[in-house]
Amino acid sequence: MDLESMYQEVILDHYRNPRGRGLREPFDAEVMHVNPTCGDEITLRVAVGTDGEPVLKDVSYWNQGCSISQASASILCEELEGATVSEALAMTDEFVNLMHGEQVDEESLGDLIAFEGVAKYPARVKCALLAWMALKDAISQSHPDLAEPIDGDLTEISVADPQRHELNTD
Amino acid sequence: MSLDVAAIRQDFPILQRTVRDGKDLVYLDTGATSQKPRQVLDAERRFVETSNAAVHRGAHQLAEEATLAYEEARRTVAGFIGAPAKELVFTRNATEALNLVSYTFLNATLKRQQDQPLPDGADRFVLREGDNVVITQMEHHANLVPWQELSAKTGVELRWLGLTDEGRLDLSNLADLVDARTRVVSFVHQSNILGTINPVNLIAQRAREVGALVVLDACQSVPHMPLSVSELDVDLLAFSGHKMLGPTGVGGLWGRSEILASMPPFITGGSMIELVTMEKSTFAPPPQRFEAGVPVMSQAVGLAAAVDYLCDLGMTKIHDHEQLLTGRALTGLEEIPGLRIIGPCDLVDRGSAVSFAVEGIHPHDLGQVLDDRGVAVRVGHHCAWPTCRRFDVPATTRATFALYNDESDVDALIDGVRSAQKFFGVS
């Protein structure tokens with residue numbers, strides 16, 4: 001592979017200039033997630049309000065880690081500004097699909113499509129998903145009726161198609 | 001005569017393959033696990049194809065041959081660290097060996113509370129209120145978490161020696177930390193993350209003054225230097241097979257005879273007993289007492305073949321070779337602007353594990369660029385998370401050099417780091 005396909009400019013830009021970084025108040029739930037294999041971590045807060053339906057009033061975070069996990073959190077913050085909770089959860093699911101190498105609706109992913117190259121590297125998928133799993137967890141804690149609680153480690157790569165990974169071993 | 005690396009590399013099939021679109025593999029992750037020479041693979045295969053049977057039981061010829069091969073392997077591996085065969089317990093890995101020791105304290109303490117029989121001398125493992133255990137801040141989680149667990153279950157206090165900025169043990173308060181209530185001092189011989197080699201006998205001397213047991217995690221030293229337990233003032237020593245060219249699934253716990261004899265069993269079941277009734281059991285002498293179930297047979301045979309391979313090359317030569325590469329790496333890396341070595345910067349009392357941080361590039365990203373060039377390193381906290389915290393880094397990049405590496409591998413690492421700086425625009 002060429003590194004450029006993984007480290008697309010949009011990822012490097014978010015890594016160098018993270019959007020919305022820093023913890024803010026008020027918030028309804030705060031979670032801390034770590035990637036125990038490498039030590040990447042994120043503390044993420046959500047404030048949920050209603051505007052006809054539940055909306056994300058604010059998502060704030062503090063994190064440390066590699067460019068992939070940092071950029072992913074920054075893009076999360078940017079893409080979900082003013083989103084409804086159901087939109088946020090739909091985007092989370094679609095991003096998980098992208099990371100698992102499944103068919104996705106590219107339009108719906110916005111800048112997240114830049115992570116397509118990351119899906120080829122199982123060890124980096126966790127980095128990309130860390131912020132998103134934290135978001136889902138935070139929503140499920142503040143509004144258990146809106147999101148299923150996190151069950152197990154959703155960032156674990158599920159190798160649905162082992163062939164896909166074999167392609168990268170030689 | 002130095003090592004003939006080109007010839008050695010021919011023995012390691014995996015080193016012939018390419019990675020990531022045809023790049024030559026530059027394997028610098030031996031600290032995590034070593035590659036295996038054909039001789040080890042052949043020995044394992046030969047055992048399974050010709051002599052496989054459950055050892056220490058059965059009256060047939062295969063069982064006899066398997067038992068002979070297994071016990072011969074024990075003699076070989078024990079001899080490698082300068083010990084008689086009866087002092088070597090085969091475990092599944094070093095982690096299990098260290099847990100065996102920490103659980104010995106727990107089990108002896110619980111059995112004493114229940115007035116259950118214990119071997120003679122087991123008192124040294126019976127914990128009392130106010131006792132403490134001393135480790136260090138550079139332990140692999142395998143020599144940290146088991147002691148935390150022991151502390152949580154028994155109330156024994158967990159203490160640790162801190163580190164200097166250079167990455168060595170801060171021994172200034174050794175005499176205070178190791179006190180009359182210290183029951184065991186357990187520490188790493190060579191740090192898997194810093195590369196530091198610790199002054200074993202100096203620490204042991206203080207432990208002896210207070211009558212504490214001395215346990216050594218020798219995972220990263222046994223594969224890389226000549227070592228004899230007769231020259232180390234320790235009671236128990238743990239090491240791992242797969243880091244020394246051997247198979248996974250086998251490790252070793254060496255213990256002085258009288259220490260092993262005084263230990264109650266850890267994992268219990270078949271093979272480790274003497275007499276069994278429905279009510280109770282008595283236990284076999286060491287090492288069988290600590291090898292419950294059908295043991296790791298083909299792995300032990302493979303490990304003995306690895307030992308033969310290392311001995312044929314000569315541990316002094318291997319050590320000298322790795323020092324040469326480590327010196328080249330330290331010099332080359334230190335010349336890179338923004339790069340900081342985490343651990344000793346000179347060759348004094350240090351092995352071939354070289355960790356570093358590069359300003360502006362997270363280790364994961366650095367590892368990715370290196371991988372793209374075929375260079376395999378370890379990134380992360382190396383199962384020594386508290387050590388990373390001590391040096392204020394979330395993770396490091398670590399290269400380890402072994403007998404099958406040469407100067408070009410070191411140079412590939414250094415070129416790779418420079419190219420990562422260019423890629424991420426931080427040079």
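Keep in mind the model is a prediction, meaning the values are calculated, not measured. Just so it is clear: chains get the letters A, B, ... in the order the sequence lines come, proteins before strands, and each one is counted from 1.
- Counting non-hydrogen atoms of other residues, nucleotides and ligands closer than 6.0 Å to OH of Y103(B) gives a total of 12 or fewer.
- Rounding to the nearest 0.5 Å gives a distance of 6.5 Å between CG of N35(A) and NE2 of H364(B).
- Counting non-hydrogen atoms of other residues, nucleotides and ligands closer than 6.0 Å to CH2 of W385(B) gives a total above 12.
- Around CD of Q148(B), the count of heavy atoms belonging to other residues, nucleotides or ligands within 6.0 Å exceeds 12.
- Here Q368(B) contributes atom CD and M6(A) contributes atom CE; the two are 3.5 Å apart, rounded to the nearest 0.5 Å.
- Within a 6.0 Å radius of CD in E107(A), other residues, nucleotides and ligands contribute 12 heavy atoms or fewer.
- Around CD of E81(A), the count of heavy atoms belonging to other residues, nucleotides or ligands within 6.0 Å does not exceed 12.
- Summarising the local packing, CZ of R389(B) is surrounded by more than 12 heavy atoms from other residues, nucleotides or ligands at distances under 6.0 Å.
- Residues of residues 53-70 of chain A that come closer than 4.5 Å to chain B, counting heavy atoms only, are Q64(A), G65(A), C66(A), S67(A), I68(A), ordered by residue number.
- In terms of heavy-atom proximity, I361(B) sits nearest to Y15(A) at CA-OH, 4.4 Å.
- Between the side chains of Y7(A) and D365(B), at least one donor-acceptor pair of N or O atoms lies under 3.5 Å.
- For R390(B), the CZ atom sits in a packed shell: over 12 heavy atoms of surrounding residues, nucleotides or ligands are nearer than 6.0 Å.
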